[in-house]
Amino acid sequence: MVTEQNTLSIPTDEASRKFEKISTVIHENSEQASHYVATEIVNLIKQRQKQGKKLVLGLATGSTPTKVYDYLVQFHREGLSFKNVITFNLDEYFPMQPDSIHSYVRFMNEHLFDHIDIPAENINIPKGDLSKEDVREFCQNYEQKISDAGGIDIQVLGIGRTGHIGFNEPGSSIKSKTRLVRLDRVTRLDAASDFFGLENVPSRAITMGVGTIMEAKRIILMAWGEGKANIIRQAAEGPIRESVPATFLQQHTNCDFIIDHAASSALTRVSTPWLVSDCEWNESLIKKATIWLSEKLEKAILKLTNEDYNEYGMGSLIAEIGSAEHINLIVFNQLQRTITGWPGGKPQADDSSRPERRYPFPKKSLIFSPHPDDDVISMGGTLLRLVDQGHEVHVAYQTSGNIAVFDDEVIRFLDFALDAQPNNQALQEQVKKVRKFLQNKKPGEVDSAEIQKFKGLIRKGEALSACRYCGVDEKNAHFQNLPFYETGTVKKKPYSEADVKITYDLLQKVKPHQIFAAGDLSDPHGTHRVCLQVIYAALDQFVAEKAEWVNDCYVWLYRGAWQEWDIADMEMAVPIGPKDMTRKKNAIFKHQSQKDAAMFPGNDEREFWQRAEQRNTATARKYNALGMAEYEALEGFVRYKFNVTSE
């Protein structure tokens with residue numbers, strides 16, 4: 001599959017970086033970036049080995065560095081020794097037992113140390129199981145051990161949404177050393193899913209200080225995904241201030257930010273390149289720039305003038321195209337053509353300027369839903385429109401969603417079953433067993449396989465209820481239960497051939513004319529990202545096999561509950577009237593286990609129906625402000641384009 005990316009080229013010349021106060025290296029994706037970081041570490045290990053010297057490595061935890069550690073393990077399997085490496089980890093929760101599933105000791109062992117030949121005495125991680133009285137002395141000794149080792153050669157960092165590095169929260173001093181700190185509420189919210197609830201997240205941690213980090217000879221800060229884009233912009237382009245501790249890194253003489261394309265999206269040279277240097281104008285960039293200017297000046301597109309363009313660094317565009325009026329009409333018409341009330345195509349209509357083809361009609365539409373409610377939350381209005389207009393709609397629920405069900409929901413359903421069958425002795429014993437397990441369950445403990453099954457069935461029942469409400473035939477609801485998800489914890493396995501085969505088989509069975517899939521990479525738990533990769537891998541197989549149905553299949557990407565597409569990227573916008581918005585919310589309400597309070601709300605405390613409604617109405621307001629018709633709400637989609645080749 002040859003993909004046509006909906007991304008813009010990123011300028012890399014010195015002039016384009018004039019807003020950046022720190023060296024920022026952008027890679028296409030996190031895998032390439034992780035390999036880049038791992039290679040730098042490995043090269044220095046080898047160099048020190050030749051010199052007969054040690055390498056002192058500062059390490060981080062969390063999801064960001066895991067792929068780096070995978071590559072380091074791979075290098076070890078290919079012959080690299082880590083016997084000359086000394087490590088110091090940034091932080092640890094307090095209090096925390098080293099064998100806890102939440103412990104950074106356990107994290108490092110599972111991701112790195114258990115798989116390489118580093119001597120145990122060379123590993124240093126802050127101790128979370130100390131008595132409060134012993135913490136100060138431990139922190140002083142930790143600093144001394146770093147000094148005795150000769151200082152940290154390379155310090156690897158992630159970055160939190162508050163701009164924290166390590167657990168140095170806003171307000172940390174640039175001279176701070178290893179110490180006990182209180183965690184910011186945002187930091188604890190971000191960790192809540194790992195701990196199965198905010199109430200289980202420790203409120204304190206032991207962390208290296210900003211001063212300790214700044215003393216490292218080399219610093220590499222990594223960030224992946226759109227969720228980190230705004231804080232990366234603040235850290236790289238903003239003023240140095242204690243409220244964003246990562247900005248202190250601007251003062252380091254050998255620090256790089258290594259980020260992926262998504263994390264770079266808010267940098268000036270990426271988001272508004274016309275403000276930093278001359279641009280090579282193409283259709284995508286013209287559309288992006290014109291919409292940005294319209295929003296910046298709070299003017300409808302057709303009201304923009306030559307002076308407006310000139311004042312905001314787009315004089316070269318005026319010179320190239322000819323006039324503001326001409327540019328305005330081009331972009332206005334592009335936007336107008338994205339709006340359609342016929343997401344499956346309008347029969348017997350000219351489709352030359354419509355997002356979807358008119359034929360075949362009706363179409364087979366396959367909606368992939370990573371969790372059992374993403375379909376109605378993210379594109380419920382479009383789903384209803386497809387059903388109403390007579391298309392054969394299928395929904396593929398890719399994962400069971402079982403970890404997002406509260407324990408009490410299981411008891412409630414089992415009690416109902418018991419009341420319905422009061423004389424069922426086997427059921428009585430089963431209920432006793434489940435109640436006993438849940439009563440003794442520790443925070444974050446993995447559910448038994450039996451309880452995971454029950455929770456999955458609860459989500460399945462809710463999904464079927466939503467399908468019935470929307471008019472989707474129950475036989476067209478496909479529960480894939482992809483294996484990568486079934487770990488019982490927030491952390492998932494990498495996808496495998498088994499996941500791809502399940503998806504391949506469904507595609508082969510349905511042979512859809514259009515596919516809808518979650519295209520957002522901001523999902524904080526990574527499930528959406530993996531589900532999309534599985535779909536792409538299955539489609540790759542059909543392309544390689546030259547399957548004919550793929551030639552006539554459009555793939556539309558929607559966003560999940562976390563973020564909407566930029567208006568400039570949307571290629572189809574489906575209006576939702578007041579009546580259909582009510583129907584969409586009713587469909588979301590069918591997912592009762594997620595109502596009122598979701599298990600993993602992320603950093604947004606609104607209910608899912610509120611997020612959906614407010615996001616869709618906000619999109620409609622943005623279209624209206626640009627000069628489009630005024631709609632109640634809009635759902636946006638980006639088309640994933642691929643070409644079948646003869647290679």
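Positions are given from 1, in the same order as the sequence printed here.
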Item to check | SB check Glu635 Arg615 (cutoff 4.0 Å) | outcome: no

Checklist entry - Does Lys346 come within less than 4.0 Å of Asp351, counting only side-chain N to carboxylate O? => result no

Checklist entry - Are Lys21 and Glu237 close enough for a salt bridge, meaning some N to O gap below 4.0 Å? => result no

Item to check | Heavy-atom donor-acceptor pair, Thr66 side chain to Ser63 backbone, under 3.5 Å | outcome: yes

Checklist entry - Judged by atom type as modelled, is there a donor-acceptor pair below 3.5 Å linking the side chain of Ser294 to the main-chain atoms of Leu626? => result no

Next on the checklist: Does Tyr397 form a ring-ring contact (aromatic ring centres under 6.0 Å, His included) with His371? I'd like the steps, not just the answer.
Outcome noted: CA-CA 6 Å; Tyr397 298 102; His371 300 97; over 10 Å; no

Checklist entry - Would you call Ser323 and Ile318 a side-chain contact if the rule is heavy atoms closer than 4.5 Å? => result no

Checklist entry - Is the backbone N or O of Glu31 less than 3.5 Å from a side-chain atom of Lys67, with the two atoms forming a donor-acceptor pair by type? => result no

Item to check | All side-chain contact (heavy atoms from CB on, under 4.5 Å) counterparts of Ser243, not counting sequence neighbours | outcome: Arg241

Item to check | Backbone N/O of Gln614 and side chain of Thr617: donor-acceptor pair under 3.5 Å | outcome: yes

Checklist entry - Does a side-chain heavy-atom distance below 4.5 Å link Pro360 with His513? => result yes

Item to check | Working for salt bridge (charged side-chain N to carboxylate O under 4.0 Å, His left out), residues Lys622 and Glu564 | outcome: CA-CA 12 Å; Lys622 287 181 179 179; Glu564 183 56 279; over 6 Å; no

Next on the checklist: Under the rule for side chain to side chain donor-acceptor pair (under 3.5 Å), what residues qualify as partners of His591, not counting sequence neighbours?
Outcome noted: none

Item to check | For Trp609, all residues meeting side chain to side chain donor-acceptor pair (under 3.5 Å), sequence neighbours excluded | outcome: Glu607

Checklist entry - Quick one: do Glu20 and Arg269 make a salt bridge, cutoff under 4.0 Å? => result yes

Next on the checklist: Restricting to side-chain contact (heavy atoms from CB on, under 4.5 Å), what partner residues turn up for Asn586, sequence neighbours left out?
Outcome noted: Tyr469, Thr582, Phe589

Next on the checklist: Show me the pairs that pass ring-ring contact (aromatic ring centres under 6.0 Å, His included) and involve residues 310-343, at least two apart or across chains.
Outcome noted: Trp292-Tyr312

Checklist entry - Is there a donor-acceptor contact under 3.5 Å linking the side chains of Asp260 and Ser30? => result no

Next on the checklist: Side chains of Thr382 and Leu386, heavy atoms from C-beta outward: is any pair under 4.5 Å?
Outcome noted: yes

Checklist entry - After noting the C-alpha distance and the side-chain angles of Ser352 and Asp350, does the key distance pass the side chain to side chain donor-acceptor pair (under 3.5 Å) rule? => result CA-CA 6 Å; Ser352 59; Asp350 179 8; 2.9 Å; yes

Checklist entry - Taking 4.0 angstrom as the limit, do Arg337 and Glu571 come out as a salt bridge? => result no

Checklist entry - Which residues pass the salt bridge (charged side-chain N to carboxylate O under 4.0 Å, His left out) test with Arg357, sequence neighbours left out? => result Asp552

Checklist entry - Can the ring centroids of Phe542 and Tyr504 be said to lie less than 6.0 angstrom from one another? => result yes

Checklist entry - Going by an N to O cut-off under 4.0 Å, is there a salt bridge joining Glu356 and Arg639? => result no

Checklist entry - Is Thr340 close to Met572 at the side-chain level, that is, under 4.5 Å between some pair of heavy atoms? => result yes

Checklist entry - Does Arg583 come within less than 4.0 Å of Asp580, counting only side-chain N to carboxylate O? => result yes

Checklist entry - Can you say whether the rings of His391 and Phe361 are parallel (under 30°), tilted (30 to 60°) or perpendicular (over 60°)? => result perpendicular

Next on the checklist: Can you tell me how the ring of Trp274 sits relative to the ring of Trp281, calling it parallel under 30°, perpendicular over 60° and tilted otherwise?
Outcome noted: parallel

